[in-house]
2 protein chains.
Amino acid sequence: MEDPVDRRLAAEVARDPRATLSQLSARVGLSSSAVQARLKRLENSGVITGYRAVIDPEAAGKPLSAFIEVTPLDPTQADEVPGLLEHLSAIESCYSIAGEASYMLFVRVAAPRDLETLIQSIRRAVLANTRTTVVLQTFYEHRPMLEAPETD
Amino acid sequence: MEDPVDRRLAAEVARDPRATLSQLSARVGLSSSAVQARLKRLENSGVITGYRAVIDPEAAGKPLSAFIEVTPLDPTQADEVPGLLEHLSAIESCYSIAGEASYMLFVRVAAPRDLETLIQSIRRAVLANTRTTVVLQTFYEHRPMLEAPETD
DNA sequence: ATTGAAATTTTCACGAC
DNA sequence: GTCGTGAAAATTTCAAT
């Protein structure tokens with residue numbers, strides 16, 4: 001994505017994916033059709049991988065979030081961890097990391113008891129040690145990756 | 001959000017926020033107007049806090065991500081940390097946490113050198129110790145919080 | 001990339017439950 | 001208060017340039 005118009009368009013859509021083509025076309029200075037074609041290109045080429053509404057975790061009944069570091073006891077099994085955990089819907093994100101632990105998970109649950117249950121599920125699924133860090137407060141999340149364009 | 005229709009609608013919108021009212025109305029079994037009214041209510045009541053397009057980090061020129069734990073040297077300053085760091089656009093999320101460190105940041109940068117620069121910016125802005133955990137691979141991210149409705 | 005016309009969707013006022 | 005209907009306005013789509 002070297003084209004500056006594509007970057008601008010991606011930034012606009014990242015912040016406001018529900019904007020109409022007309023609105024986007026006004027913001028990037030192209031016709032609706034041109035915007036439509038570029039958007040489709042960005043989607044098909046994998047630059048835009050999806051769209052999400054951001055839901056308030058409390059309203060969704062998941063007020064408790066945490067980071068869980070996972071270290072498999074058997075290094076042989078290490079590569080399969082993400083697949084083995086994928087079915088646990090409380091897991092929002094899964095990364096492999098450099099450091100003492102092998103994986104970092106970000107999870108959301110309803111209550112402390114569900115966190116315990118989740119950790120047990122994880123340890124059972126992958127035979128691993130875990131280290132959990134509970135989130136006390138979320139100050140900001142999901143901030144857009146692309147720079148905000150200047151408000152001309 | 002106790003109403004099951006609202007939960008269903010929120011789940012649908014969370015997964016596909018660009019769906020038309022007509023499409024949503026078909027999925028939840030209400031008229032477009034009813035869906036429109038419920039959506040507005042979900043937005044105004046803070047259940048839906050925003051919309052995002054998910055951009056491929058590599059395409060956006062930010063292939064390197066990391067977790068940064070921040071521990072202010074001066075506990076007095078601790079409450080102001082999120083505000084003091086908010087201007088750093090590389091920071092995607094900021095949480096206060098239970099554990100040794102006070103805050104957990106999730107950041108995205110273009111290259112190792114930018115990570116170093118960012119850490120310096122953070123330490124200068126808040127006078128804190130930092131502990132950085134580099135992400136080696138992202139297996140999944142941003143998975144929707146709300147259960148997928150059954151495909152009837 | 002733009003234009004313009006047809007098809008679809010959104011919006012909104014009104015009535016029914 | 002919530003939901004459905006219908007007509008006007010806005011938007012999307014697509015072929016032609």
Side-chain angles (χ1 to χ4, degrees), chain A residues 1-61 142 144-152, chain B residues 1-56 59-61 142 144-152:
Chain A
M1 191 177 51
E2 44 203 44
D3 182 322
V5 178
D6 276 356
R7 285 192 68 84
R8 171 78 195 262
L9 179 59
E12 288 293 346
V13 175
R15 276 157 215 286
D16 183 11
R18 308 237 307 162
T20 63
L21 294 182
S22 322
Q23 292 169 329
L24 292 174
S25 72
R27 291 175 200 166
V28 305
L30 289 179
S31 69
S32 298
S33 312
V35 168
Q36 185 181 41
R38 281 173 184 267
L39 256 187
K40 193 157 293 181
R41 226 171 15 77
L42 290 173
E43 288 169 355
N44 292 339
S45 66
V47 172
I48 296 174
T49 59
Y51 299 92
R52 291 279 180 272
V54 184
I55 305 293
D56 174 54
E58 308 213 3
H142 312 304
M145 212 166 357
L146 296 161
E147 305 78 41
E150 300 136 33
T151 314
D152 305 321
Chain B
M1 191 177 50
E2 45 203 43
D3 184 320
V5 178
D6 276 357
R7 284 193 69 85
R8 171 77 194 263
L9 179 58
E12 287 293 347
V13 175
R15 279 156 213 285
D16 183 10
R18 309 237 308 162
T20 64
L21 293 182
S22 323
Q23 292 169 330
L24 292 175
S25 71
R27 291 176 201 167
V28 304
L30 290 180
S31 69
S32 297
S33 324
V35 169
Q36 183 181 42
R38 280 173 183 270
L39 255 187
K40 193 157 291 181
R41 214 160 37 64
L42 290 173
E43 289 169 354
N44 292 338
S45 66
V47 172
I48 297 174
T49 59
Y51 299 93
R52 291 277 180 274
V54 184
I55 306 293
D56 174 54
H142 312 303
M145 212 164 1
L146 296 161
E147 304 78 41
E150 301 137 34
T151 314
D152 305 322

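Naming: A, B, ... by sequence-line order, numbering from 1 per chain.
- At a threshold of 4.0 angstrom between heavy atoms, the contacts of B/Ser31 include nucleobase atoms, whether or not backbone atoms are also involved.
- Residues B/Ala59 and A/Met1 come closest through the heavy atom pair O-CE, 3.3 Å.
- Here the CG atom belonging to A/Leu39 is positioned 4.5 Å from the CG atom belonging to A/Leu9, to the nearest 0.5 angstrom.
- Rounded to an integer number of Å, the gap from A/Arg38 CZ to D/dT12 P is 17 Å.
- The interatomic distance linking B/Leu39 (CG) with C/dT11 (P) rounds to 10 Å, in whole Å.
- In the set D/dT12, C/dT11, D/dC3, the nucleotide with an atom closest to the side chain of B/Leu21 is C/dT11.
- Across D/dC3, C/dT2, D/dT13, the shortest atom-to-atom separation from the side chain of A/Leu30 is found for C/dT2.
- Here A/Ser33 lies in heavy-atom contact (under 4.0 Å) with a base.
- In terms of phosphate contacts, B/Arg41 brings no side-chain nitrogen or oxygen within less than 4.0 Å of OP1 or OP2 of D/dG1.
- Heavy-atom minimum distance, A/Leu146 versus A/Ala11: CD1-N, 3.6 Å.
- Counting all heavy atoms, side chain and backbone alike, B/Val35 lies closest to B/Ser25 at CG2-CA, 3.5 Å.
- Protein atom NZ of B/Lys40 is 6 Å distant from nucleotide atom P of C/dC12, rounded to whole Å.
- Rounded to whole angstrom, the span from the CG atom of B/Leu24 across to the P atom of C/dT9 amounts to 12 Å.
- At whole-Å resolution of the value, CZ in A/Arg27 and P in D/dT11 are 11 Å apart.
- For the pair B/Gln36 and C/dT11, the criterion of a side-chain N or O lying under 4.0 Å from OP1 or OP2 is met.
- Between C/dT11 and B/Ser32, no contact under 4.0 Å exists linking OP1 or OP2 to a side-chain N or O.
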